Structure formats: C-alpha cells, structure tokens
Protein chains: 2
Amino acid sequence: MPQEPEPAPTVERTVRRRARRATAPGVVTLHDVATAAGVSLATASRVLNGSSRVVGEPLREKVLAAAARLDYSPNAQAQAMARGRSNIVGLVVHDIADPYFSTIAAGVMQRAAASDVIVTLAVTGSSPDTEVTHVAALRRQRVRALLLAGSRWQDEEATAALRDELNAFRAGGGRVAAISQDVLGVDTVLIDNHRAARRLAEELVGLGYREFVLLGGPRGVATAVDRASGFRAALTERGHPPVLDLECAFTRDGAHGALGEVLARGLPASGGRPPCVLAANDVMAVGAMAAVREAGLDVPRDVAVAGFDDIPTLRDVSPSLTTVRLPLAEIGGHAFDLVDETAPQRRVEHVTGRVLVRESTPPLR
Amino acid sequence: MPQEPEPAPTVERTVRRRARRATAPGVVTLHDVATAAGVSLATASRVLNGSSRVVGEPLREKVLAAAARLDYSPNAQAQAMARGRSNIVGLVVHDIADPYFSTIAAGVMQRAAASDVIVTLAVTGSSPDTEVTHVAALRRQRVRALLLAGSRWQDEEATAALRDELNAFRAGGGRVAAISQDVLGVDTVLIDNHRAARRLAEELVGLGYREFVLLGGPRGVATAVDRASGFRAALTERGHPPVLDLECAFTRDGAHGALGEVLARGLPASGGRPPCVLAANDVMAVGAMAAVREAGLDVPRDVAVAGFDDIPTLRDVSPSLTTVRLPLAEIGGHAFDLVDETAPQRRVEHVTGRVLVRESTPPLR
DNA sequence: CCGGACCCTTACAACGTTGGAGGAACAGTG
DNA sequence: CACTGTTCCTCCAACGTTGTAAGGGTCCGG
C-alpha cells in the first residue's frame, strides 16, 4: 500500500495537537516549557529531567525559569512509559486499620520516602480472591515491585492463582517480596511464629500456669495456625495440653465472643490457679481481657492473658500485656529493602520475636 | 524540507520495535495480542478495554482467547496517558501507624475499592514541607484526586506553598478534599473539634470535676489547638479554668512525659477531689494513664482522664476511656465521596463528635 | 582556511494505548 | 443495477515523554 507524502507537518501538527488535546487544558507540558523558553523539546527535557548530556548555563537557566513560571510538573506516567520503568511499589495488606498492618506499612513508607519511591496501597479485607484482584490491578499499574504483607491463607486454589499472577508480574521484570510465610517462592521476611509461640508458652508454664485456654484464630489463616500450633506443641510437650482449644475470628470481636461464651459457662477447673488465656495476637488478647472483665473477673488475679505482636498502641493497657515483640516497622522496612536492592537470588530473612512477660501473667506463688 | 515517502512500514516497524524495546522483554502488549489474534490494534483495544464501539463475535472471541493465552495485562499508565485521566487518588496522612489516620485510611480504601480506584499513600511525618513535597509528587503522578487527611499546621508560609501547589493541581483538572480544618479553600470534611471539646469539658464539670489539667498538644497543630481551646473555653466559662495548661507533642510520649513531670512534683491541690486530665486525643490519654500509674496512683480514683477520637483499638483499655467519638472511617469515606462525585461547587461537610462518658471519669460523689 | 570540538536544534521513532476518520463488505431500497 | 446506509474493521494521529541520529552554527587551534 503506497503512502502519500504528507504535507509539511509542523504547523498543522501543532494546531491539531492543541485542538485534540485529551488532557485537561490547564496542564503544562514539556512542549509548553520548551516553547516558552525558546528552546527545543530535547534541550528542555535534558535540563529538567535528563541525565547524561550537559546543557549550557544560559539556556539551562532560561528553561528552569520557564518551568518555574509555568509551574511545570513532569508527567510521571509519560516518563515511566518512555523510560520503561516506574518508581511505584504496591503494598498489599489485609486491613490497614489493624495496627499490625499499619505498623508494617509505616516501616515501608519510611524506607520508600528515603528511596524516592511512591507507594500504592491495596487492602484485601482478608479475602484471597480480592488479593489476587488487587495484585492484578497493581500489575496493570506497572508497579516496580510488590509487597505482600498479609498472612497466607491455607487455600491451595487461591494460592495457585496468586502464584500465577505473581509469575506473570515477575516475568515482566517486577520484584516481589512477602511478609510472614514462605509459600510463594519469592523473597520473604519470614516470621517464625511457631517458634516464638513455643517460647512464650514455655515461659508461661515456667511461671506456674497449668490450665491454658487457646484462642487460636481461624483454621485458614497461616499466621494464626502457626502460632496456635506453637502454643499447642509446647504445652503438650510440657504435659499441660490446652484445656480448651477454641477457633474464632482473628480479631478483637472473635476473641471477645469466643471467650465470653466460655466464661458464661463458668471457668475451667483450675486447682486454685488462674487459667491462662493464650490469644493469637494482641488485639485478640485485649478483646479477651474485656470479656474477662465483663464476666466480673479480674486480670490477672482470676484469669491471666497473653497476646502476640506487641502492638505499640497497646503497650499501655493495664495490666500490661505479656506478649511476643515483633519488630513490625523493621519488618516492613526490611521487605522494602528486599525489593529495592537488586539481589542475585531469592532470599528469605528470618525474624523471631522476643517474649515479654508483663503484668497480665504474673508468676504464680 | 521535503519528505521522502518512506518505504512500506509494517514489517520494518515491527522489527525495530522489537529491537529497541525499552520495557522488560516479558511484558505482553496490546500489539502482541492483536498480532496473535490476527486483528488490528484498534480492534483488540476495543474488545479488551474499549467501550463505545462493538466488535463482532468471532473476532471478539479470538482476541479474548489470545489475551488469555498470552496473559495480557493492559498498561494502566499508557491508558491514562491516552485517555487523559487516571483512576488513582492520592491520600496524604501524617503517620499511618497512628490509629487515627489508619482508621481514616481504612474508610478511604473501602470506598476506593468499591469505585475501582487505586490509592497512593503518602506520609508527611508531621512536616509541612514534606507534605508539599508529597503533594507535588502526587501531582506528577497525575492522580485524579488528592485527599489531605492531616490536621493543618498554623504555619502561614507552608500553607501558602501548599495552596499554590493545590491550585496548580486543580488547574490541571485534579480534585482535592481535606479532612479537619477548612483553611485550604477546597472541599472539606470539617471536624468540629472546638465544639466537641467544649461539650466534653462541660460534661466533666457536670460530673463534679473542678481541677483540670490540660494536655493540649503543640501550639502549631490546628486540631490540637482547636480541641484545647474548646476545653479551655468551656472550663473558663464554667468558672474552673485549667489549673495546669501544658504544651507537649501530639503523641503518647508527649503526654506521658509532660504529665509524668507534673506528677513527679506532686498532684495539684484538689480539695479532696481527683483532678481530671484532659488529653487532646486518645493516644495521649493512654500515655497519660500510664504516667499516672507509674506515679503509683490510680485511674480514676486519684486522677481522672479523658481523651478524644474514640480510637477503636483503644476501646477496651481499662478503665474504659471517656472520650469523644469521631466516626473516623466514615470521615475517610466521606472525603473520598467529595472527590469522587463531580460536584458543582465547593462543599464543606460538618462532622461533630459524640461525647462518651466511661469509667475513666466516674461521677464524683 | 580548514578540521574538529562543542553545544545546540530539528526530526523522528519509540513507549502502549485510545479514538476519530475512513474504507470495504454487504444488505436494503428505488 | 446503481445508490445509500449499516456494520465492522483498519489506519493513523494523538497522549507526554525519552533518546538518538543527523545536522548546523560558532569558536578555537593548527
């Protein structure tokens, strides 16, 4: 098919550019700056965003002045397209209102700001399908990297779908890091929930507790399962398996409801010792403490309570909560580092918590 | 300058396109899908993302099949450029680890998900300059709208710089909404901190408290100033101006430190009644309660404490905290609605808190 | 007075997409 | 059978950048 040799373009193109302009009329483009400064597009580009080539001082100043005068703001999307890379990372959490995730997010944001990276947030609402949807959306945004902060679910189908999506993302040059469990085959900040839970339970047996009530969270959430299994293993080994092993939502209300029901039926037989409630996280522990109080009982005199995470906002509850301290902000920062640097091979960083015994589980006798 | 009528382009262009390709090699483009399906770019675009025009069933299926087979993911940045609009909004908070902001953010995220909007998060770390920097970065990203969730600072210079930046953003068609104070001339969810603080203080006078200690936060933060001034006004009107009026950081540590110092010097003279500490937010109130306990005193027997916000995570502290309930998640959702709909003119929505008297300030006598 | 730096301009092809203009095939109408 | 509409596609010019190739001035040293 032959091409007709079009008419001289310059003027006509400019006119049509203005006429057809798709963006809002008020947005200043590099073209506008170049025109205002009386230089070419390429020169303006080099002064304002370019790297390699140098531009002479007089022109340089004219361009900068024009840009300032017109209040030019480079279009990052266009830059990303032209350069073939963006400086956005996606952060996926289950619930940003949950202090566990918001603390991790704070750690991520701090590192991101230092690296001049922009963070796009997505929340799954604890639904594996929603997580896949959001990961796909972030892939469409061509984020440079993806941070998956949430616990994995024990759901083979959803995990497979996610893994597919992540593989496609990584095939396009994207980096991925996960926090919690190492089941996705990506760089991971692995939290050793099982081991830390064991140590906490052992410590409590050492303090003299014998009757344990487990608020283990739901069966499908890996973090909850790991913690509960750690508690269970240690207690069973020490000869004091949990007298009650409850499933409930991984939330304040879940723990509050489950323990409330139990207490309404009366305390487990205890040989004079207060029983000890082991909650799978601090938020649940606080819900459990509320249920104890509502039953007219005292923490720790009648019921001892321990949590997990050492959420900063909850450090001042009274009695202060025995828990496992996780360096949540550092964990977030660490995950960011995993995707920020270009590492030669897959890495798994281990994080273990530190047991903190406080007022909610005083030594017995 | 004459144009030479270039050689037939199709094949040659394809070759060079492959050769010079800037994006990562693994990324599938619309072009690839079109080629694989044996249709033109435009047809593929219309099948996969297009709206208006219809594509015949046979071709339509071929395109969908090719897209699925190649695992095509549309490039949202390119779409944004071509369409001249994005579906990203920017959310600016002071500190995402602060439950006040994370709860607001959760409200925003929920609405955003429902509207298929992507949210980019920025944290200021409570620095006005950082806020301007982040707003500029979000403008470069060509976000569709901007949500400023943080309290304003009483800093004329920084406010002016921010206002300039916002005007430039709005000139380019961006929408802006603010939460808290109405000083930027944009759509606002205005929180009537002053009035709610008055009502809380009046309630406490009604309960019999007479000696008040104000933990008013810093002078520069508008939210803290509004709340403190509401407390002060009500107390002064009722004839019981604060016996101590302390400035401190708007944080747990700020309140804890300031009140700790005071208590180290002994309780204010009280005529047998416990004094009442009025903190400018819940997190500070909890820090204050910790300081009271560390001084060997009891809340509320020796010192009563009240806060502000009704942070969900802190609803189970013991004794339960007297406070002002703000519907934080709804406030976030509301701000999102302000920028999501296209409103004819500037709107200011008022939100007032509800006073909740709980165990930390029992009635006297 | 020429050759070569140096600094700039012009021009253009990307990047991945959209949307308008235009055209081919085909049916319906006179 | 020519005309006029529809459909359903394709082609091409945007969108705002970057980066490179090709070229044109100016200045300097030989």
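Letters go in sequence order (proteins before strands), and every chain restarts at 1. Everything numeric here is computed off the predicted structure, so don't read it as measured data.
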Notebook entry, point to check: With a non-hydrogen cut-off below 4.0 angstrom, is B:L59 in contact with a base, only sugar-phosphate, or nothing?
Noted result: sugar-phosphate
Margin query: I'd like to know whether CD of A:Q110 has more than 12 heavy-atom contacts from other residues, nucleotides or ligands below 6.0 angstrom.
Written below: no
Checklist line | Nucleotide of C:dT9, C:dT17, D:dG16 approaching B:T29 most closely (side-chain heavy atoms) | finding: C:dT17
Next item on the list: Please tell me which of B:S40 and A:Y72 maps to the more 5' nucleotide of DNA chain D, matching each residue to the nucleotide holding its nearest heavy atom.
Entry: B:S40
Notebook entry, point to check: Got A:V89 and A:R175 here, is their nearest side-chain heavy-atom distance under 4.5 Å?
Noted result: no
Notebook entry, point to check: Does A:D164 reach the side chain of B:D71, with side-chain heavy atoms less than 4.5 Å apart?
Noted result: no
Notebook entry, point to check: With distance as the sole criterion, do the side chain of B:R46 and the base of C:dT17 form a donor-acceptor contact below 3.5 Å?
Noted result: no
Note to self: Counting only side-chain nitrogens and oxygens, does B:S45 get under 4.0 Å of the OP1 or OP2 atom of C:dT18?
What the structure shows: yes
Next item on the list: Using the side-chain contact (heavy atoms from CB on, under 4.5 Å) rule, pick out the option among B:D32, B:V27, B:L64, B:L48 that qualifies with B:Y72.
Entry: B:L48
Notebook entry, point to check: Roughly how many Å is it from CG in B:L30 to P in C:dG19, rounded to a whole number?
Noted result: 12 Å
Notebook entry, point to check: Rounded to whole angstroms, how far apart are CG on A:N75 and P on C:dT17?
Noted result: 16 Å
Notebook entry, point to check: Rounded to whole angstroms, how far apart are CZ on A:R85 and P on D:dT17?
Noted result: 16 Å
Next item on the list: Ignoring backbone atoms, test whether B:T43 places a side-chain nitrogen or oxygen under 4.0 Å from the OP1 or OP2 oxygen of D:dT10.
Entry: yes
Notebook entry, point to check: Looking only at side-chain N and O atoms, does B:Q77 come under 4.0 Å of OP1 or OP2 in C:dT17?
Noted result: no
Note to self: Using five base pairs at each end to define the local axes, how bent is the helix from C:dC1-D:dG30 to C:dG30-D:dC1, to the nearest 10°?
What the structure shows: 60°
Checklist line | Whole-Å distance separating the CZ atom of B:R139 from the P atom of D:dG16 | finding: 14 Å
Item checked: Spacing between A:E61 atom CD and C:dC7 atom P, to the nearest angstrom -> 16 Å
Margin query: Show every ring pair (Phe, Tyr, Trp, His ring centres under 6.0 Å) that has at least one partner inside residues 74-95 of chain A, sequence neighbours left out.
Written below: A:H94-A:F101, A:H94-A:W153
Check: If we only count heavy atoms from C-beta on, is the A:L166 to A:L146 side-chain gap below 4.5 Å?
Finding: yes
Check: In whole Å, what is the span from the CG atom of B:D32 to the P atom of C:dG16?
Finding: 8 Å
Next item on the list: Write down the distance between NE2 (A:H31) and P (C:dT10), rounded to a whole number of angstrom.
Entry: 11 Å
Next item on the list: Could you tell me the separation between the CD atom of A:Q141 and the P atom of C:dC15, rounded to a whole number of Å?
Entry: 20 Å
Next item on the list: List the steps and the verdict of salt bridge (charged side-chain N to carboxylate O under 4.0 Å, His left out) for A:R163 and A:E156.
Entry: CA-CA 10 Å; A:R163 209 181 272 123; A:E156 269 316 310; 5.1 Å; no
Check: When you measure from the side chain of B:A42, which nucleotide among C:dC15, D:dC11, D:dC15 comes out closest?
Finding: D:dC11
